Protein chains: 2
Amino acid sequence: MRARENGVRLTPVRRRTLEILLEAHGALGAYDVLERLSAEGYGTQPPVAYRALNFLVENGFAHRIQRLNAFTACVHPARDHRAAFLICARCNSVTEACADSFTQAMIEAASAVGFQLERSTIEAVGLCSACAGKPA
Amino acid sequence: MRARENGVRLTPVRRRTLEILLEAHGALGAYDVLERLSAEGYGTQPPVAYRALNFLVENGFAHRIQRLNAFTACVHPARDHRAAFLICARCNSVTEACADSFTQAMIEAASAVGFQLERSTIEAVGLCSACAGKPA
DNA sequence: TGTTGACTGTTATGATATAACGTTAGATAG
DNA sequence: CTATCTAACGTTATATCATAACAGTCAACA
Ligand SMILES: [Zn+2]
Ligand SMILES: [Zn+2]
Ligand SMILES: [Zn+2]
Ligand SMILES: [Zn+2]
């Protein structure tokens, strides 16, 4: 199979991994993904999940959430974008927000101190609108 | 010993842990810290390091760098502040920068979508001024 | 048709982090 | 001055996250 456009091959494991992320609401750990993959007849060992997830991240189909050691499907995979993530401390939901303007400002601020910024991670923890309404 | 001000007790392990972070240039992993602590007669097991490090982070003496699974001493521990970290992809140095204005803007942007932001993590990867000058 | 390279799978191991429990020593109430 | 309490410390054991290294498969293609 000739690579789609820029050499991207969305093979069965990779596609299924992406679907698993899409089906999940919020982020999934690599071992959660692995559990599902292996239940469906794919490989049973960690590298299977990590390779597929890393592929998705590198090709803009998913993002890694550092704070949660987890992965989440990108909500607008086609476009080049910088994302920020709003992580609910109560229900663990993860919402992807556009951070293009913040990132641009950060690139400029960083360059003022001589730092040549390549990519940034913005992860915020707080309460989602659903949880903020509820009592403690 | 009556707690300093707000109940903070900088015990020997904790103080030494902070010194170790200060002596290091850049961030240290918990096991790096543990190695030094145990060589000096403190406990030899992971919880010793993790407890001291978590204490320092919770009390504003240090920050955790998610991307590196590492810790770094705060450069201005006295003041309440939001930090951003500039991580050099080449030499792994970590520079703490003030992110108060970014954070404020993010709080407002988040609240516009109903998210009540509590704390955020901003970590940027790129080239420090020293490394940007050098060739590949 | 033989070689190549991307992909998938495996075993084994490494790296990071916490649960649970016993001990110690300073603070405080009686 | 005791008895009691509690924060902090240390340990063992285990959980969780991640990668190195290598073998088999298969389509592309010279
Ligand atoms: Zn995205
Ligand atoms: Zn929530
Ligand atoms: Zn700081
Ligand atoms: Zn550098």
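Treat the numbers as computed from the prediction; the structure is a model and nothing was measured. Chain letters run A, B, ... following the sequence lines, proteins first and then strands; every chain starts at 1.
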Residue-phosphate contact under 4.0 Å: [X] side-chain N/O, [N] OP1/OP2:
X      : N       : result
T44(A) : dT10(C) : yes
N69(A) : dT16(D) : no
R64(B) : dA17(C) : yes
Y50(B) : dA17(C) : yes

Can you check the [X] [atom1] to [N] [atom2] distance for me, whole Å?
X      : N       : atom1 : atom2 : value
D32(A) : dT16(D) : CG    : C1'   : 11 Å
F55(B) : dG10(D) : CZ    : P     : 14 Å
L34(B) : dC9(D)  : CG    : P     : 14 Å
N54(A) : dA18(D) : CG    : P     : 9 Å
L53(B) : dA8(D)  : CG    : P     : 15 Å
I65(A) : dA18(D) : CD1   : P     : 12 Å

Check whether any side-chain heavy atom of [X] sits under 4.5 Å from a side-chain heavy atom of [Y], and report yes or no.
X      : Y       : value
L86(B) : V113(A) : yes
E96(A) : C74(A)  : yes
F55(A) : Y50(A)  : no

Transitive ILVMFWY side-chain link F71(A) to V33(A), under 4.5 Å: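 The answer is yes; both residues are in one hydrophobic cluster.
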Residue whose closest nucleotide on DNA chain D lies nearer the 5' end, Q45(B) versus L68(A):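 Looking at DNA chain D, the more 5' nearest nucleotide goes with Q45(B).
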Partner of H63(B) by side chain to side chain contact (heavy atoms under 4.5 Å, CB included), out of L56(B), T72(B), V57(B), T121(B):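 In the set L56(B), T72(B), V57(B), T121(B), the residue that makes a side chain to side chain contact (heavy atoms under 4.5 Å, CB included) with H63(B) is T72(B).
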Given DNA chain C, 5'-ward residue of the pair R51(A) and P46(A), judged by closest heavy atom: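 In this pair, the answer is R51(A).
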N/O donor-acceptor pair under 3.5 Å between E123(A) side chain and R67(A) backbone: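 Present.
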Side-chain donor/acceptor of Y31(B) to base of dA17(C), under 3.5 Å: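 Answer yes: a donor N or O sits under 3.5 Å from an acceptor.
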Pairwise distance CG(D32(A)) to CG(L37(A)) - rounded to 0.5 angstrom: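 So the gap between those two atoms works out to 11.0 Å.
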Strand contacts (DNA chain D) in residues 11-29 of chain B, 4.0 angstrom heavy-atom criterion: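 Nucleic-acid contacts, sorted: T11(B), V13(B), R14(B).
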